There are 2 protein chains.
Amino acid sequence: MKYTEKLRNSGLRPTKQRVQICNALFDEKKTFHFTVKDLAKKIQNKINSHISLATVYNTVHAFEKKGYLKQIPINSNKIYFDTNVSEHHHFYDLDKNKLIDLNKCDVGPINIKKKINGKKIKSVEVLVKLEN
Amino acid sequence: MKYTEKLRNSGLRPTKQRVQICNALFDEKKTFHFTVKDLAKKIQNKINSHISLATVYNTVHAFEKKGYLKQIPINSNKIYFDTNVSEHHHFYDLDKNKLIDLNKCDVGPINIKKKINGKKIKSVEVLVKLEN
DNA sequence: ACAGCTTTTTAGAATCATTATAAACTACCT
DNA sequence: AGGTAGTTTATAATGATTCTAAAAAGCTGT
Ligand SMILES: [Mn+2]
Ligand SMILES: [Mn+2]
Ligand SMILES: [Zn+2]
Ligand SMILES: [Zn+2]
């Protein structure tokens, strides 16, 4: 199987559900943005067995912890995830309510001048809000 | 009253509740970050009358629409607001779960190279995640 | 001050995303 | 195959936010 090793290597048992979620997430030609609800629906349409919503939540969080997915910082009461885990940024179209990728090369280098004692920078993410 | 004109000028009737919310938000020496629940609690402690949580929600949203407050882009299922409406950015301390201001001058100029047809940029916000 | 009209406040209910529970099931090891 | 720890599941619980519709308050003209 395509994803059994990936899962096993990060200490996650390659269950049928996890492999199906991997298929939905990582088989696509293009990376994409999603909420857990979106993803669960997508999987139901793809396969004809049912995966519990709780399992999709659990798995998405496990994958995020392993770095297979990341969350997108945005002010919403829903959490948006990204299958593109490379360093990149986002446009947020306020009218269509849609996220659009900004590759790292689409944004000039970002220089954080302030330091916080004893803390190190884990990530730097830019959100560019768009209107008409 | 200190805030009646401000409210009236933006088409909001200066009710007792709105003025009290203004006091809690804008009388502080320093700007701050909050959730609506936080703010409601702060107000209850300050005054000894009660303001409905729904009113605090309504008012915070009205103020945001008028530009007196802004939301902070962060991946959380709670919405964080900021009384600092100037162009600035944020550190997010992942361990303490706390937001820290980055003044505009703490971050070098940000150059967005990509354009989206027919859209204009409303804001550019940076979130810098910190870990130990 | 008062009537008439509009906006606002309010308690409570409804909604919706997310997390917790704990029993049934499955993968893995020997 | 049997034992054990990890996983899935339906369902309940939680918690933030929004909705509702009736009561209260603000405003304008008299
Ligand atoms: Mn992406
Ligand atoms: Mn601030
Ligand atoms: Zn992205
Ligand atoms: Zn701030």
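We name chains A, B, ... by the order of the sequence lines, and we start the count at 1 in each one. Just so we're clear, the structure is a prediction, and the values are computed from it rather than from any experiment.
Atom CG of A:L39 is separated from atom P of C:dT18 by 12 Å (rounded to the nearest Å). Protein atom CG of B:N77 is 11 Å distant from nucleotide atom C1' of C:dC16, rounded to whole Å. Here the P atom of nucleotide C:dT9 and the CZ atom of B:R13 are 10 Å apart, to the nearest Å. Distance, B:N58 CG to C:dT10 C1': 10 Å, rounded to whole Å. Following rounding to the nearest Å, B:Q20 (CD) and C:dT10 (C1') show an atom-to-atom distance of 15 Å. The distance from atom CD of A:Q71 to atom P of C:dA17 is 16 Å, rounded to the nearest whole Å. Distance CZ (A:R8) to C1' (C:dA27): 9 Å, rounded to an integer number of Å. Whole-Å rounding puts the A:L12 CG to C:dT26 P distance at 19 Å.
Under a 3.5 Å cut-off, the side chain of B:N103 and the backbone N or O of B:C105 do not form any donor-acceptor pair.
In this structure, A:K42 forms a cation-pi arrangement with A:F32, its terminal cationic atom sitting closer than 6.0 Å to the ring centre and no more than 45° off the ring axis. Remark: A:K6 is positioned above the aromatic ring of A:Y68, its terminal NZ or CZ atom under 6.0 angstrom from the ring centre and at most 45 degrees off the axis.
Contact check on A:K119 versus B:D95 returns a salt bridge, with a Lys/Arg side-chain nitrogen under 4.0 Å from an Asp/Glu carboxylate oxygen. Ion pairing between B:D93 and B:K129 fails under the 4.0 Å rule for side-chain N and carboxylate O.
Taking side-chain N and O atoms only, A:R18 has no distance below 4.0 Å to OP1 or OP2 of C:dA27. In terms of phosphate contacts, A:Y57 brings a side-chain nitrogen or oxygen within less than 4.0 Å of OP1 or OP2 of C:dT18.
Among C:dT6, C:dT10, C:dT18, the nucleotide with an atom closest to any side-chain atom of B:I51 is C:dT10. Candidate nucleotides C:dT18, C:dT19, C:dT6 were compared by shortest atom distance to the side chain of A:H61, and C:dT19 ranks first.
Both B:Q17 and B:I79 sit near DNA chain D, but only B:I79 has its closest nucleotide nearer the 5' end. Taking the nucleotide of DNA chain D with the nearest heavy atom to each of A:G11 and A:L53, the more 5' of the two is matched to A:G11.
Nucleotides of DNA chain D that come within less than 4.0 Å of any heavy atom of chain B span, from the 5' end to the 3' end, D:dA16 to D:dC27.
Residue-level contact check: A:T15 touches the backbone only, with heavy atoms under 4.0 Å from sugar-phosphate atoms and none from bases. If you check every strand for non-hydrogen atoms under 4.0 Å, A:K16 touches nothing.
The nearest pair of heavy atoms linking A:L94 to B:K122 is CD1-CD, 3.7 Å.
Following chains of ILVMFWY side-chain contacts shorter than 4.5 Å, one can reach A:V107 starting from B:L102, so the two form part of one hydrophobic cluster.
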